[in-house]
Asks: 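Take this structure first; my questions come after.
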Amino acid sequence: MAETDVLIVGGGAVGNVIAKGLLTHTSLSVSLVEPSQYSVDGSHPGFDDRVIALAKRTVDELAELGVDTRLAGGVPIRHIQVTDQGAAGMCQMDANAHNLDRFGDVVSLSRLGLALRVEPNMPRFTLYCPASVASVTRNSDSAHVTLSSGDSCHAKLIVLADGGRSALHESLGFERQSEDYGQSAIIVNAITAEPHHHRAYERFTAQGPLAFLPFNPGFDETRGEHGFSVVWTVPPDRADALLTAPDSIFIRALQDEFGWRQGAIEQIGKRAVYPLALSTVKNVVVHRAVACGNASQTLHPIAGQGFNLGLRDAMGLVRALQHASDPGAFDVLRQYAQARAADKEATITLTDGLVRLFSNKNPGLMALRNLGLVAMDNSRALKQQFVRQTTGYAPGA
Ligand SMILES: Cc1cc2nc3c(=O)[nH]c(=O)nc-3n(C[C@H](O)[C@H](O)[C@H](O)COP(=O)(O)OP(=O)(O)OC[C@H]3O[C@@H](n4cnc5c(N)ncnc54)[C@H](O)[C@@H]3O)c2cc1C
């Protein structure tokens with residue numbers, strides 16, 4: 001029977017960061033179970049067509065693990081503009097004004113995946129792929145896990161990093177609660193007439209938020225500086241219609257919502273749709289198991305915090321296990337949960353609050369949030385607080 005210190009269930013972005021972190025910073029043995037085979041070009045359910053914004057802290061922590069986000073096509077965000085459709089209020093932020101060279105980098109998730117994946121032949125590492133967990137039985141000092149591949153092993157700790165996709169949550173005793181936002185996100189890459197100058201836009205529209213992130217979609221290398229990755233939140237029925245609309249109709253609708261601050265939207269790529277919900281576990285640790293990343297909380301993409309928070313979960317767990325003689329001991333897991341609680345709560349509250357505030361059509365609230373944008377634009381302290389939280393460098397994060 002195989003023995004492992006830590007068995008990670010789910011080999012997406014967070015599962016791989018945990019594996020890499022544990023192999024780099026501890027002497028623990030690590031196994032990873034992933035049902036979908038990894039492909040040479042990077043495409044995978046955990047590393048799909050999404051383009052995501054990595055906060056400065058995430059870029060820094062990945063660099064310490066030897067992952068250079070520039071190799072994943074990373075484009076720095078140096079300026080942010082927040083606007084509310086139909087209102088004059090606006091808030092602008094510049095990285096320089098906060099003594100930063102960038103707020104973060106925008107990367108292709110599939111290219112990031114190629115850099116994150118742990119080589120199967122690493123010492124102290126076992127990859128079970130394709131495989132999933134068939135059963136788990138736990139006693140006081142370990143878990144006995146059998147896999148769909150017929151393999152089985154004893155693990156001192158199970159880390160759930162399956163994005164909340166498997167039935168293991170319930171069987172292990174995690175209590176999950178979900179609330180549908182009644183919104184879907186359309187993602188698409190675009191080229192605009194004007195270059196991006198490393199500016200990211202967050203625009204609040206009557207139907208939901210719309211983000212333009214500077215990114216080179218690779219349509220045409222001479223136009224890379226004109227590229228954006230777009231995340232457009234709309235009601236689900238509109239998302240279905242927009243997904244299949246001809247390019248010209250889609251571009252017109254997108255231009256109507258975004259306006260002309262980047263000139264004409266000239267070209268778009270493939271579209272994909274994601275239904276949006278807030279889904280969290282009440283208890284991030286149970287006997288001999290811990291939930292990390294999307295398995296612990298799945299967020300709205302409005303503030304680009306999902307993976308950033310998941311990475312802080314991952315590195316928090318690595319730090320918690322660094323000097324632990326038994327990685328699954330109750331005290332070790334309890335201390336991890338306590339250390340992560342404030343950051344999780346602050347990030348979930350910020351993200352959920354932004355969705356509710358900026359998806360609301362109440363005229364009184366619309367006037368208030370417009371005043372809020374103006375106030376924020378004029379307050380260095382408010383901007384500083386927002387920047388600390390979204391770059392991952394808030395106290396206690
Ligand atoms: C439109 C959109 C835009 C986003 N933008 C941003 C952004 O700008 N910044 C940011 O930080 N985040 C962003 N996110 C969130 C981010 O993409 C996720 O938080 C992150 O990718 C989650 O990684 P994960 O490894 O926790 O989970 P997942 O990516 O869900 O990975 C789970 C893994 O588990 C595997 N799995 C599935 N079933 C099983 C099973 N039964 N057993 C074992 N394994 C299983 C899957 O194959 C996968 O490999 C965005 C999300 C969306 C939808």
Side-chain angles (χ1 to χ4, degrees), residues 7-19 31-39 43-59 62 69 77 103-110 112-113 116-117 128-134 136 145 147-149 158-169 171-172 181 183-188 200 202 208-213 215 229-234 239 271-277 279 291-314 347 351 390-392:
L7 180 93
I8 302 166
V9 181
V14 170
N16 274 283
V17 170
I18 295 169
S31 300
L32 192 149
V33 183
E34 166 58 44
S36 299
Q37 200 104 46
Y38 294 106
S39 64
S43 57
H44 184 268
F47 303 107
D48 60 13
D49 289 337
R50 261 169 286 176
V51 170
I52 65 171
L54 303 182
K56 173 97 174 81
R57 159 101 175 257
T58 304
V59 175
L62 288 176
T69 51
I77 299 177
F103 291 115
D105 278 0
V106 182
V107 299
S108 135
L109 190 56
S110 62
L112 180 67
L116 284 181
R117 270 155 43 179
Y128 297 100
C129 178
S132 54
V133 173
V136 179
V145 181
L147 303 180
S148 57
S149 54
I158 296 175
V159 179
L160 207 53
D162 65 352
R165 298 165 196 244
S166 80
L168 263 184
H169 279 83
S171 61
L172 289 175
Y181 280 122
Q183 296 180 340
S184 294
I186 303 175
I187 59 158
V188 65
E202 185 79 63
L210 168 61
F212 270 55
L213 305 172
F215 177 71
S229 164
V230 177
V231 183
W232 185 10
T233 311
V234 291
R271 288 160 248 169
V273 168
Y274 296 81
L276 302 177
S279 176
C292 289
N294 273 28
S296 172
Q297 67 275 317
T298 305
L299 309 182
H300 193 292
I302 188 169
Q305 291 298 308
F307 174 63
N308 292 308
L309 183 58
L311 177 125
R312 299 200 293 275
D313 284 351
T347 311
T351 301
T390 50
T391 52

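Just so you know, these numbers come straight off a predicted model, no measurement behind them. For this chain, numbers begin at 1 and follow the sequence in order. Counting convention: from 1, in listed order, for ligands and their atoms alike.
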Asks: Would you please determine whether Val133 falls within less than 4.0 Å of ligand 1 on a heavy-atom basis?
Replies: no
Asks: Could you tell me which non-hydrogen atom of Leu62 sits nearest to which non-hydrogen atom of Leu116, and how far apart they are?
Replies: CD2-CD2, 3.8 Å
Asks: For the residue pair Arg50 and Pro45, what are the closest heavy atoms and their distance?
Replies: NH2-O, 4.1 Å
Asks: May I ask you to identify the nearest protein heavy atom to atom 42 (N) of ligand 1, giving residue, atom name and distance to one decimal place in Å?
Replies: Val9 CG1, 3.9 Å
Asks: In the protein, what heavy atom is nearest to atom 26 (O) of ligand 1, and what distance, to one decimal place, separates them?
Replies: Asn294 N, 2.9 Å
Asks: Nearest protein heavy atom to atom 52 (C) of ligand 1, by residue and atom, and its distance?
Replies: Arg50 CD, 3.5 Å
Asks: Applying ring pair (Phe, Tyr, Trp, His ring centres under 6.0 Å), name anything that partners Phe103, two or more places apart in sequence or on another chain.
Replies: none
Asks: Return the minimal non-hydrogen interatomic distance between Leu160 and Ala295, and the atom names on each side.
Replies: O-CB, 3.4 Å
Asks: Please name the pair of heavy atoms, one in Gly11 and one in Glu34, separated by the smallest distance, quoted to 0.1 Å.
Replies: N-OE1, 2.7 Å
Asks: Between Cys129, Ala200, Gly12, flag the one that comes closest to atom 33 (C) of ligand 1 by a heavy atom.
Replies: Gly12
Asks: Please write down residue, atom name and distance for the protein heavy atom closest to atom 5 (N) of ligand 1.
Replies: Ile52 CG2, 3.6 Å
Asks: Please write down residue, atom name and distance for the protein heavy atom closest to atom 3 (C) of ligand 1.
Replies: Pro301 CB, 3.5 Å
Asks: Can you tell me if Gly310 contacts ligand 1 (heavy atom of the residue under 4.0 Å from the ligand)?
Replies: no
Asks: Report yes if some N/O of Ala53 lies less than 3.5 Å from some N/O of ligand 1; otherwise report no.
Replies: yes
Asks: Could you tell me, atom by atom, which parts of ligand 1 come under 4.0 Å of a heavy atom of Gly10?
Replies: 34 (O), 43 (C), 44 (N)
Asks: Which atoms form the tightest heavy-atom contact between Gly15 and Leu32, and what is the distance?
Replies: O-CD1, 3.8 Å
Asks: How far is atom 49 (O) of ligand 1 from its nearest protein heavy atom, and which residue and atom is that?
Replies: Glu34 OE1, 2.7 Å
Asks: Using atom types as modelled and distance alone, determine if a side-chain donor or acceptor of Asn308 lies under 3.5 Å from a backbone N or O of Ala53.
Replies: yes
Asks: Applying a 4.0 Å heavy-atom criterion (strictly less than), which segment of Gln305 is in contact with ligand 1: side chain, backbone, both, or neither?
Replies: backbone
Asks: Is there at least one pair of N or O atoms, one from Phe307 and one from ligand 1, spaced under 3.5 Å apart?
Replies: yes
Asks: Could you tell me whether the side chain of Val33 reaches within less than 4.5 Å of the side chain of Leu7, counting heavy atoms only?
Replies: yes
Asks: Search all heavy atoms of Leu213 against all heavy atoms of Ala200 and return the closest pair with its distance.
Replies: CD2-CB, 4.1 Å
Asks: With a cut-off of 4.0 Å, which atoms of ligand 1 are near a heavy atom of Ala161?
Replies: 32 (C), 33 (C), 34 (O)
Asks: Is the backbone of Ala303 close enough, under 3.5 Å, to the side chain of Gln305 for a donor and an acceptor to pair up by distance?
Replies: yes
Asks: For Cys292, is at least one N or O under 3.5 Å away from an N or O on ligand 1?
Replies: no
Asks: Number the atoms of ligand 1 from 1 as they appear, then name those within less than 4.0 Å of a heavy atom of Ile187, with their elements.
Replies: 1 (C)
Asks: Within the side chain of Gln297, is there an N or O that forms a donor-acceptor pair under 3.5 Å with the backbone of Gly293?
Replies: yes
Asks: Checking the side chain of Thr233 only, and the main-chain atoms of Pro209 only, is there a donor and an acceptor separated by less than 3.5 Å?
Replies: yes
Asks: Which option, Ser229, Ser166, Ala131, owns the non-hydrogen atom nearest atom 41 (N) of ligand 1?
Replies: Ser166
Asks: Provide, to 0.1 Å, the distance between atom 25 (O) of ligand 1 and the closest protein heavy atom, together with that atom's residue and name.
Replies: Val14 N, 3.0 Å
Asks: Looking at atom 39 (C) of ligand 1, what's its closest protein heavy atom, distance included?
Replies: Pro35 CG, 3.6 Å
